Each structure stands twice: as C-alpha cells, then as structure tokens.
J.: 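Have a look at the structure that comes next, please.
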Amino acid sequence: MALTGLQIQKLLPKTNCKECGSNTCLAFAMKLAAKKADLSQCPYASEEAKSVLGAASEPPVKLISIGPDGSLKLGGETVLYRHEKTFVHQTAIAININDTDSPAIIESVLRSIRDYSLERVGEKLSIDMVAVSQKGNDAQAFVDLVKKAFDVTHCPVIIRSNDCASLCAASIALKGSRSVLASATGDKLEKLRASAAENGNALAVTAPDLDALVALTTQLRTSGFNDILLQFQTQGLAEQFQTNSIARRAALKDQVKPLGYPSLRYIEGNDILDSIVEAISDIAKYGGICVLPVFDPAMLVTLMTIRQNLYTDPQKPIQVEPKIYPVGEPKPDSAVFVTTNFSLTYFIVSGEIENSGISAWLVVPECEGMSVLTAWAAGKFSGATIAKFVKESGIESAVTTRDIIIPGYVAQISGELEENLPGWKAIVGPQEAGDIESFVKAKLK
Ligand code: SF4
C-alpha cells in the first residue's frame, strides 16, 4: 500500500540536514510519496525505513522475469484500469504443441513460432513463448521435445505435464532458460518448487478455487519462493472473466499478496472463433501468459493488435519522428502530402499512398503524437505550424512541385497555410486515408 508523505516522514531521521537535496525531511518525504525521489538519497535512512519503504514500493502484482536473460517481464502491474495510469507488461502470447503431435506438425509449428514477425505502427511484434504439453507416456521423448522447442524457437518454454517426474526432468533439461513448470497442485507442490528453484524456473500453481490457490501460493511464499504464476480452473467464458477480475482486484485493492502474481491460461478447444474470444477476454482482463492451441496467423494478428492497443501508455501517444518521409522512391517532382506524427495516422497514410501506386514525399511535423483533428484543435497542426516546419525541413529545395496535399479534415487551414508558405498551393485531400487511392487516381495520375 502506498504511504503518505507524513507516514514516510515518521520513518526519516527528522534532522533536516539537507544532504538529500531537500530543505527538510518532510519535503523529502513528500517527494518520496510522489515517487519523485529515492530513499538512497538520504544517507541516514534507517534499516527500518529501507525495509518499510521497500515493501511499500513493491508493485501489488509481483514482477516475474522469464527467459534466459530475464527479458520477458510479466506482472508488475499497479492499476486495475488502463486509463488510471498504464498497464506495464503485456500478456505473453504462447503457442502450444503436444508430444503426441506428428513430427511434421511439430517441426512446422516450431519454425512458424521462430519466424513469426508482425510490424504494426512501427513496432515489431513476435510470439513470446512456446508451450509443450505431455499427452503421451514417453518421458524421455517429452524432455527431448521440450529441449528441441527451446533450441528451435529460442523462446522460454511452458512445460506442462501431469507427471511430476517428467516435469522435474524437463526442468533440469531447461536449466538457465527461466522457463515455466505447469502446474503444481497440492500433492506435487514441494517437489516442483524444489525443482523450479534449483533450475531457475518459475512455477505455475493451480487449484479448484481461489481459496485453495491462496493456500498454495502462501505455502510457496513462506518457503521464500516467489516466481509464481496462477492457473485458475474455470468453466466457461463468464467464470474466466470473473475469476481473473476478482483475483486482480483482490491483489490491487485489498493487498491480498498470495493473489498478486501473473496468471497462466491455456486456451483449449477446437473452435477458432471461441478460442479468439477466450484469448481476447484473457488479454483484456489481466492475463499474464495466454497459451493458444494452434499457430494461426489470422488469430495472431487479432490478438497482437488488441494487446498492443491495451498496453500502450494512454498518456504517451505512440508517435513517429517529425521529418520528411519518402514513400516509395520519390523524385523532385513527386507529390507532397502532409499529416501528423501520431504513429497510427502516419502508418495508415503512408501505407495508403504506397497502395495508390505512386511515390511521394510525406511531410510529418511535430504534433505531439496527436491525430489530425485533435492536433488541429490543440493548435499543433495549423497553417502556420505546418508552414514553419516545411521551411525549416529544407524540402523546398528538394522538390520542384509547389502543391502540398493536406488532410480533408483540416480543409479550413488551406488559406492560412498558403499565406505562411508563399508560392505554395494547398490542395485539400480526402478526409479518410482509405480514399487516398481514389484521390490519387482522380487528381494526380
Ligand atoms: Fe532528512 Fe535524510 Fe534529507 Fe537529511 S538527508 S534532510 S535526514 S531526509
């Protein structure tokens, strides 16, 4: 729970020595409460202050690091709703293979996982993990497959089996990869905890209800083991949605530490649409790792897009660098378009210009990552600001045309733009980027 400035002040020496850069201990305490200072700036902080403030600053959902270099982060969340602040570590997406699948299918899925890459609004999106489930009886073949999955994809593995010995053998085989063992029930808890701890892996725990799950995680926490994932047992979409929400609310609002861990969910079933809906629900409501039953590019595009939208910081619009972008291979007499530096707008407009079959120059002034109408309403995308950017960018000497195509939504700035950019003519383009192709055909070809 966050401490107030006054509560923090009681833990400080109260000598007002100023060595931390603040005039008083109270002023420093206020900065600590606002997370604008660090306790290490006070050389006289007591051990009690360090331990109390350290615990208070821990996120209510434990941060778990996965993968050989620990770069896949799960949890660490501090808010229930994205708009309160931001979600910090997106749901990891994994694809499942079974040891009973044919070698050809296994080979093909592993290569697809390794090679999958989707570029969206300037970000490269890929599959985070591979899950290997034991359905057959050959423990050695299962362990070999787990190793192969890691070797081919270089992704951390979620190792799933009902057989404790197989899980422990696979845990040893993947020592150092910081993978996940799934899943520990009460009777296997101690053995799997020991194996996970010894080999540096995380452990998913599962139980029929939240009370039983809390009992298991409490046992692990008491033993000092904290690399935990929660695997809820639910029936149907409504219960899945409800359980994810109850657990996250309990961790964030009621400080129920035994539920303050990321979750692991397997999407099972043969219907692709049902699977997508279940996965969307999991991603939207706090999923830690979501394991998909098959490699399906259409499903992945949907889920990656939703995940990206949810996990961008609502206070920081994703934006591209303000500059002149060549689209295709423009020449000095190619058309000049202008739009804002909101990533989504930039990528849609540049993509539509490309689709229209021409090369062009795209002028992208600084608009603080706002879309066209928002930037215009905020005074960041006016005739004067665009003209200033055009003059400073040097494009006037690089092109022979003096036509500049502005988005149809800001047709009203054309006069102001021409006034501030002598010699240029503002051409009003389409309102929607989707109409650029027909605009090009009608006016530019
Ligand atoms: Fe107080 Fe520590 Fe700052 Fe000195 S350095 S004013 S003791 S908080």
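When a ligand or atom number is given, it counts from 1 through the structure's own listing order. Small disclaimer: the values here were computed from a predicted structure and weren't measured.
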J.: Do side-chain atoms of Asn199 reach the backbone of Asn201 as a donor and acceptor pair under 3.5 angstrom?
T.: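 Side chain of Asn199 to backbone of Asn201: no pair is present.
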J.: With a 3.5 Å distance limit and no angle check, can you tell me whether Gln308 reaches the backbone of Arg120 through a side-chain donor-acceptor pair?
T.: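 Such a contact is found between Gln308 side chain and Arg120 backbone.
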J.: Which residue and non-hydrogen atom of the protein lie closest to atom 4 (Fe) of ligand 1, and at what distance in Å?
T.: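 In this structure, atom 4 (Fe) of ligand 1 has Cys17 SG, 2.3 Å as its nearest protein heavy atom.
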J.: Please say whether more than 12 non-hydrogen atoms of neighbouring residues, nucleotides or ligands are located less than 6.0 Å from NZ in Lys10.
T.: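 Not more than 12 within 6.0 Å, no.
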J.: Please round to the nearest 0.5 Å and tell me the distance separating atom CG of Leu74 and atom OH of Tyr261.
T.: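 So the gap between those two atoms works out to 13.5 Å.
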J.: Please list the nearest protein heavy atom to atom 8 (S) of ligand 1 with its residue and the distance rounded to 0.1 Å.
T.: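 Its nearest protein heavy-atom neighbour is Phe28 CD2, 3.4 Å.
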J.: Could you check atom 7 (S) of ligand 1 against the protein and tell me its nearest heavy-atom contact, residue, atom and distance included?
T.: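 Its nearest protein heavy-atom neighbour is Thr15 OG1, 3.3 Å.
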J.: Is the backbone of Gly70 close enough, under 3.5 Å, to the side chain of Lys73 for a donor and an acceptor to pair up by distance?
T.: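 Answer holds: yes.
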J.: Starting from atom 3 (Fe) of ligand 1, which protein heavy atom do you reach first, and at what distance in Å?
T.: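 Of every protein heavy atom, Cys20 SG, 2.3 Å lies nearest to atom 3 (Fe) of ligand 1.
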J.: Using a 4.0 Å heavy-atom cut-off, which part of Lys14 comes near ligand 1: side chain, backbone, both, or neither?
T.: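 For Lys14, there is no contact with ligand 1 at all, from either part.
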J.: So do Met299 and Thr302 actually touch side chain to side chain, heavy atoms under 4.5 Å?
T.: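 Not touching, per the 4.5 Å side-chain cut-off.
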J.: Regarding Arg178 and Asp227, does a basic nitrogen lie under 4.0 Å from an acidic carboxylate oxygen?
T.: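 Yes.
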J.: Any atoms of ligand 1 less than 4.0 Å from a non-hydrogen atom of Asn16? List them with their elements.
T.: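 Listed by number with element, the hits are 6 (S).
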J.: Got a sec: is Cys42 within less than 2.8 Å of atom 2 (Fe) of ligand 1 via an N/O/S atom?
T.: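 Checking Cys42: at least one N, O or S atom is under 2.8 Å.
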J.: Going by the order shown, which atoms of ligand 1 are within less than 4.0 Å of some heavy atom of Cys25?
T.: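 Going through ligand 1 atom by atom, the ones under 4.0 Å from Cys25 are 1 (Fe), 6 (S), 7 (S), 8 (S).
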J.: Report the part of Pro13 (side chain from C-beta onward, or backbone N, CA, C, O) that has a heavy atom under 4.0 Å from ligand 1; answer both or neither where that applies.
T.: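 The part of Pro13 near ligand 1 is the side chain, not the backbone.
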